[in-house]
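Written below as structure tokens is the structure these notes are about.
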There are 2 protein chains.
Amino acid sequence: MARQSIEDIRKIELIDAALAVIAEEGHDAATTQKIAARAGISAGIVHHYFGDKASLLQASMRAIRKPVVRAYVENLAAQGLTTTAGRPALEACLEAHLSPAILTVRRAAAWLQFTARVAYVPDYARVHALVRNRQIAALTRAVRPLVPHQGDAVRMGIRLAVALDGYWMECATREGGLTAKEARLAIDALLSDSVW
Amino acid sequence: MARQSIEDIRKIELIDAALAVIAEEGHDAATTQKIAARAGISAGIVHHYFGDKASLLQASMRAIRKPVVRAYVENLAAQGLTTTAGRPALEACLEAHLSPAILTVRRAAAWLQFTARVAYVPDYARVHALVRNRQIAALTRAVRPLVPHQGDAVRMGIRLAVALDGYWMECATREGGLTAKEARLAIDALLSDSVW
DNA sequence: ATTTATAGATTGAATGATCAATCAACTTAT
DNA sequence: ATAAGTTGATTGATCATTCAATCTATAAAT
């Protein structure tokens, strides 16, 4: 790992601070002043490294999903999987979205702040579309060998993605209202083959 | 129906305008100026009838769910139901949440704007908690005769509520991405008894 | 080793824009 | 004539962004 430049360090500090403020006080309350103060630096730094506030926020949105993708890859590796199709890969993907280490209130709350603005902020729409397409693709790929008809795979991929979204949102809105176990049970119900 | 006073008329006009602006441009962009202009009246009216902007917005949030409750009641009546327990009542409730007449992009988008702020705006949290509790209660009541164990009813009620939320959010975020039919299929999968 | 030069990093005050809320004046209806 | 309804300019607060000034670190030169 190459040594981090000051610029890289500051950017990461600002992104972390932005996500903390957004999760705790909401996107509306996340002023550059508050974010910079949270990072322990001056407000001017935001514009020195990111140009404007919007760039910092977009980078922050992107940062939220990195741990999910990383967990998916790690879960695959931990099971020694070389394929992303089939039930074990599906497990790896679901676990990457729902395990308590990943699905924290802070992460879910911050993600909800961004997704709620997708229809109005093109920057956010781009990130969201990218994330959504990859997520549905991964779920569809995993599910394909498990469904009797080809066309069902995409449908089930989308269905799972919507369910995962619902649980992320629930996690952001009602602290401690739902356990990861319950979420897994509900999703297993979706996968029940009695409906095909 | 008693004749509406000017006050009632203006309040409704302002609520409609607020929901239109919020759905089209987002909660952040919904200034009193824009809302009043949309309603075709002066900005000062907002404070004359609602006191402040926050009251108008809270009233608008409450207004979103009224058609859902009304549809539920109407659906029950249309089937001549006198009980809110059992499969037909469950149908009535699900249909009230997912029929194209109710689940419009505009309604879903506006609702998402408010729910995303529930953790930060106590006014919104109160409305949300009320709606959520009644929704889960209705679903639980309907589902109770259908599940083998008592404890499963509440769990399934919550599960259905989360799924409905997921589809409302999907409707707000991806225009035309999902049909009401698909949503119903996914929810029926949740109800499959193979998982109990 | 010390000094100097230079680029990068950082600060915080100033600017201009936006917005909610107020209110005095004006209009309409009864 | 009285009350209710309505307007829009004004006020004060908040915020993103800019920028001139200051500080720090590194490397070249003496």
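In what follows, every chain begins at residue 1, and chains take the letters A, B, ... in the order their sequences are listed. All values below were derived from every heavy atom in this structure, side-chain atoms included, with hydrogens, water molecules and symmetry-related copies excluded.
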B/Arg144: partners by salt bridge (charged side-chain N to carboxylate O under 4.0 Å, His left out), with sequence neighbours left out =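 Per chain and number, B/Arg144 pairs via salt bridge (charged side-chain N to carboxylate O under 4.0 Å, His left out) with no residue.
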List for me each residue that meets side chain to side chain donor-acceptor pair (under 3.5 Å) alongside B/Gln135, sequence neighbours excluded, and say none if there are none.
->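 Testing B/Gln135 for side chain to side chain donor-acceptor pair (under 3.5 Å), a comparison that skips the adjacent residues, returns B/His97, B/Arg132.
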Just jot down the side chain to side chain donor-acceptor pair (under 3.5 Å) partners of A/Asp28, sequence neighbours excluded, or say none.
->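 Residues passing side chain to side chain donor-acceptor pair (under 3.5 Å) with A/Asp28: A/Arg117, B/Arg117.
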What integer distance in Å separates [X]:[atom1] from [N]:[atom2]?
X: A/Glu13; N: C/dA9; atom1: CD; atom2: C1'; answer: 13 Å
X: B/His48; N: D/dT7; atom1: NE2; atom2: C1'; answer: 11 Å
X: A/Lys11; N: C/dT10; atom1: NZ; atom2: C1'; answer: 17 Å
X: B/Asp8; N: D/dG5; atom1: CG; atom2: P; answer: 10 Å
X: A/Glu7; N: C/dT10; atom1: CD; atom2: P; answer: 10 Å
X: A/Ile9; N: C/dG8; atom1: CD1; atom2: P; answer: 17 Å
X: A/Ile6; N: C/dT10; atom1: CD1; atom2: C1'; answer: 11 Å

N/O to N/O distances under 3.5 Å, protein versus nucleotides 25-28 of chain C:
none

Stretch residues 24-47 of chain A: residues that reach within less than 4.0 Å of DNA chain C through a heavy atom =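 DNA chain C contact set from residues 24-47 of chain A: A/Ile41, A/Ser42, A/Gly44, A/Ile45.
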Of all of residues 15-23 of chain B, which get a heavy atom below 4.0 angstrom from DNA chain C, listed by number?
->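 None - not one residue of the stretch has a heavy atom sitting under 4.0 Å from the strand.
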Nearest-0.5 Å distance, [atom1] of residue [X] to [atom2] of residue [Y]:
X: A/Met156; Y: A/Leu191; atom1: CE; atom2: CG; answer: 5.5 Å
X: B/Leu98; Y: B/Lys181; atom1: CG; atom2: NZ; answer: 14.5 Å
X: A/Leu57; Y: A/Asp123; atom1: CG; atom2: CG; answer: 9.0 Å

Pairing of [X] and [Y] as salt bridge, 4.0 angstrom limit:
X: B/Glu7; Y: B/Arg10; result: no
X: B/Asp8; Y: B/Lys11; result: no
X: A/Glu91; Y: A/Arg184; result: yes

For C/dT10, does OP1 or OP2 lie under 4.0 Å from any side-chain N or O of A/Arg10?
->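 Looking at the OP1 and OP2 atoms of C/dT10, one of them is under 4.0 Å from a side-chain N or O of A/Arg10.
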Does a nitrogen or oxygen in the side chain of A/Tyr49 sit under 4.0 Å from OP1 or OP2 of C/dG8?
->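 The answer is no; no side-chain N or O of A/Tyr49 sits under 4.0 Å from OP1 or OP2.
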If you look only at pairs with a residue in residues 30-40 of chain A, which of them pass as a salt bridge (Lys or Arg N to Asp or Glu O under 4.0 Å), with sequence neighbours excluded?
->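 Found A/Glu24-A/Arg38, A/Glu25-A/Lys34.
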Partners passing ring pair (Phe, Tyr, Trp, His ring centres under 6.0 Å) against B/Phe114 (at least two apart in sequence or in another chain) |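 With sequence neighbours excluded, B/Phe114 shows a ring pair (Phe, Tyr, Trp, His ring centres under 6.0 Å) to B/His27, B/Tyr124, given in chain and number order.
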A/Leu130: what forms a side chain to side chain contact (heavy atoms under 4.5 Å, CB included) with it, not counting sequence neighbours?
->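 By the side chain to side chain contact (heavy atoms under 4.5 Å, CB included) rule, A/Leu130 matches A/Arg134.
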Please identify each residue that fulfils side chain to side chain contact (heavy atoms under 4.5 Å, CB included) with B/Ala110, with sequence neighbours left out.
->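 Checked B/Ala110 against side chain to side chain contact (heavy atoms under 4.5 Å, CB included); matches are B/Leu19, B/Ile22, B/Ala23, B/Ile64.
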Interface residues of residues 51-61 of chain B with DNA chain D (non-hydrogen, below 4.0 angstrom) |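 Those residues whose heavy atoms fall under 4.0 Å from DNA chain D, taken from residues 51-61 of chain B, amount to none.
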Going by the ring pair (Phe, Tyr, Trp, His ring centres under 6.0 Å) test, which pairs reach into residues 46-85 of chain A, not counting sequence neighbours?
->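 Matches after skipping sequence neighbours: none remain.
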